[in-house]
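Below is one structure; the comments refer to it alone.
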Amino acid sequence: MPITYTSGEQIEVYRFSIPVTVGVPLIALFLQAFLPRRIPAFSYVDLPLLVTIFFAMARRSPIAGLFTGAAIGLTQDMLGPYPIGIYGIAKTVVGFGASSLGAKLDVENVGARFLVTLVFYFVHAGVYFWVARFMVNLTLHWSWSHGVVAGLVNAVLGVGLYHLLDKLKQRT
Amino acid sequence: MESVLGRYRNLTILVVVLFLQVLGLAVQVKRSGDAESTRLIRIWAVGAITPFERALVWTQSGGRNLWRDYCYLRGVRAENRDLKQQVEQMRLQEVRLSEDAEQAHRLQSLLAFKEQFISKTLAAQVIGSGGSDLSRIIYIDKGKNDGLKPDLAVITANGIVGKVLMVFPSVSQVLLINDQSSGVGVMLEKSRLQGVLRGTADGEVTLERVMSDEQVSPGETVLSSGGEQIFPKGLPIGTVTSVKPGKEMFLNIHVKPAADLARLEEVLVVTEKQEQSPVADSGGRVRAADILAARLPSVPDKPVAAAGTSIPGQGTVAKIQTVAAGSAKTAGTERQAATPTASPSALAGKTPEHTSVSPTSTPVAGKASPAAKSVTVDGMAGASVPANSPSSKRKTQQEKPPVAQSNSQPPVTDDNRH
C-alpha cells in the first residue's frame, strides 16, 4: 500500500470544532504538567508535541500547522522556567514540517505516523537544543540514551493517541 | 516581489513567525534572566493550569487519607508498638549524644563559630510540574500570599529538594536539584571535600569539581555546604553511588538524592534561617549517665492520686496527678512514676519539670527514688541505670537544665501548617 500521494489522488483535509481545537491542546498541557509527578515515566512523553503533530498532519495546511505549533509551544514555555519562545520556535518548525509532510504522505497509515512522529521528535529536540544553547545560552546537555528512548516512546504513544483523536475529526 | 511572496507564502509566514519569537527571546535574554518581563503571561498560564491541578491533588489526597486513616488500619497496633520502642531507644541515644554536642558547642564558641539552623518552615503540597522532560521543576500550592519569595530552600524530611525559583500569588515554581541549570554547594560528610552538585539531562545528579586525586567512596553521604547562601549547612542531599575518572582533572561522581525527587508530594519551604553563636554551657562537665539519672522517676512522698495505666509489654506506669501549686506536694502538672519494671521513656519526655526542680524552692521536690537504681529499659539490653547515681547528686544537677535540653537545636518545625 503506497503511503505517498500521486497527483491524481484527492488529499483529505480535516477540520476540528473550536472546543476540540482549544480543549485538546490545553488538556495535553495540563496532563504534561500533572502526570510526570505521579507517573515518573511519563516525563519521557511530550504530549503537546504529539498534539501539534496530529493537528498539523490532519489539517494539512502549513500555516495552520505553524500557528498551532507556535501557540502550544509558547503556552508550554510559560509553564517552564526558561525564557518564553524556546518551545515556541521548536513547535512552530514541527507544526510547519508535519503539515507540509501531511500533504504529501498518507498520514492515516500507522507506519507513516510512527515514522513521522519519531522524525519530528528529533527535529523538535534538535531545534530546542539549538535555540537553548546558542540563542539563550542555557547549559543543556544532550543525552542520546534519553533521546532515543523518549523518541520511541513518543512514536508508539503517538500512534495510539492519533487513533483516539481521529474520532474528533470533521470532514471539510 | 509580490509574486515571489505569494509563491512562497507559507515559507514567508514561517520566517515571520520564527523571527518574532526570536525577537521575543532576544529581548528576554538581553534582560538577563529578568523574569519580571514575562511575569504577567506566566501568571496567566499558571493560573489557567494550577486550579485543575489543585482540585485533582485535593481529591486524590482526600480519597487516600480517607482510606488510609479510616479504612485500612491493618498493622497499626504493631507499628505503634514498634515506634514506641524506637522512641525509647532514640531518647536514650539523644542523652548519649548530647554530651558530644555540648563539647562541640564549647569548641565552636571558643572559635566564635556561627551556626545556622532552620527556624521556620512552611509545609506545601506539590501540585504539578513544568510540563517538560528537559526542565525539572515543580509547582507547590503556596505562593506570595503565604510569604514565599525566590531563592528559599525547599526540603523534605529526607533531604534537600531544590529552591524556589518564581513566586506567583498562590503557587510557586521550585527548581529541583536534578535540573540541568541547578547548582548546589555540597561537601562530603566524612572527607569534608567540597564540590558543586549539578543535574544532568537524564535527571540524575552529579558532583562536580572534586579533584581526581581525592578519595571518594560510594555510599558516602553528601551534605549541603551552605556556600550558596540558600541551603543551611549540613542538610543531607544524597549518597555517592559511583565514582569514575571524569574530564580534565576532576572525578565524575554520581549521587543518589536523599529525597525522592520523582515522587514528591509534600515539601517544606525554609522561610526563615537563623544564625547564632552556639550556646555553650559554662558549668561543669555533665555526664550522660547523670542526665539520664536526672530523668529517672522519683517517688513522691504521698501521691495524691494514682491511676494505673498499662502499656503492653512495658509494665505498669502509674500516672500521678500531683496537687496544684500551693500545696506541699503539688506541681499542677502530671508526673509519672514507674514501677521497677516500667520504662523510663514515659518519664523522659517530662524533662522540663525535672530541670526546673529545686528541692528547696519548688513544690515538686521529688525525692530520689530507690527505684531509679533498679529500673531497666524494655528493649534496651544493658541500658540499666547505674546504681551509683545518688539522689543528692541528682538534686544538685537538677538546678540547671540538662545539656540535652539547653543545647539541642530546634527541630525543623512547621509552625505555619495550614
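Every chain is numbered from 1 and lettered A, B, ... according to where its sequence line falls, protein lines coming before strand lines. Predicted, not measured: the structure shown is a model, and the values here were computed from it.
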The interface call for L74(A) against chain B, heavy-atom contacts under 4.5 Å, is side chain
Among M78(A), H146(A), M135(A), the residue with the most heavy-atom pairs under 4.5 Å to chain B is M78(A)
Can you check whether V205(B)'s main-chain N or O pairs, donor with acceptor, with T200(B)'s side chain at less than 3.5 Å? no
- Do the side chains of V24(A) and F55(A) get nearer than 4.5 Å, heavy atoms only? yes
Highest number of heavy-atom pairs under 4.5 Å with chain A among L11(B), L261(B), L18(B) belongs to L18(B)
Pair count under 4.5 Å, heavy atoms only, with chain B: among P81(A), S43(A), P36(A), highest is P81(A)
- [ ] For S172(B) and K142(B), indicate whether the former's side chain and the latter's backbone hold a donor-acceptor pair under 3.5 Å.
- [x] yes
Bottom line for I89(A): the part with an atom under 4.5 Å from chain B's heavy atoms is both
If one checks every heavy atom of Q21(B) against chain A at 4.5 Å, the contacting part turns out to be both
Under 4.5 Å to a heavy atom of chain A? For V126(B) that would be both
TODO: Name the orientation class of the two ring planes belonging to Y121(A) and H124(A) (parallel below 30°, tilted from 30 to 60°, perpendicular beyond 60°).
DONE: tilted
Whatever's closer than 4.5 Å to a heavy atom in chain B on N137(A) counts as neither
Inset, instruction - Return yes if some donor-acceptor pair links the side-chain N/O of N178(B) with the main-chain N/O of E204(B) below 3.5 Å, else return no. - result: no
Rounding to 0.5 Å, atoms CD1 (I84(A)) and CG (L79(A)) come to a distance of 9.5 Å
The interface call for V45(A) against chain B, heavy-atom contacts under 4.5 Å, is neither
Using a 6.0 Å distance limit plus a 45 degree cone around the ring axis, check whether R42(B) lies over the aromatic ring of F168(B). no
Among D179(B), V46(B), L56(B), the residue with the most heavy-atom pairs under 4.5 Å to chain A is L56(B)
Under 4.5 Å to a heavy atom of chain A? For L14(B) that would be both
If one checks every heavy atom of F34(A) against chain B at 4.5 Å, the contacting part turns out to be both
Max heavy-atom pairs within cutoff under 4.5 Å with chain A, candidates G24(B), G128(B), S129(B), goes to S129(B)
In terms of heavy-atom pairs under 4.5 Å with chain A, the winner among E265(B), E53(B), R136(B) is E53(B)
Non-hydrogen side-chain atoms of D46(A) and Q76(A) separated by less than 4.5 Å = yes
Is there a donor-acceptor contact under 3.5 Å from the side chain of D146(B) to the main chain of G143(B)?
-> yes
When rounded to the nearest 0.5 Å, the distance separating CD of Q180(B) from CG of L175(B) is 11.0 Å
**Asked** Where the side chain of N10(B) meets the backbone of P62(A), is there a donor-acceptor pair that is under 3.5 Å apart?
**Response** no
Under 4.5 Å to a heavy atom of chain B? For S145(A) that would be side chain
The interface call for I127(B) against chain A, heavy-atom contacts under 4.5 Å, is backbone
Honestly, the part of L23(B) sitting under 4.5 Å from a heavy atom of chain A is neither
Result for side-chain contact (heavy atoms from CB on, under 4.5 Å) between T117(A) and one of L50(A), L161(A), L49(A) points to L50(A)
In terms of heavy-atom pairs under 4.5 Å with chain B, the winner among Y128(A), F67(A), F42(A) is Y128(A)
So, the part of Y82(A) with a heavy atom under 4.5 Å from chain B: the answer is both
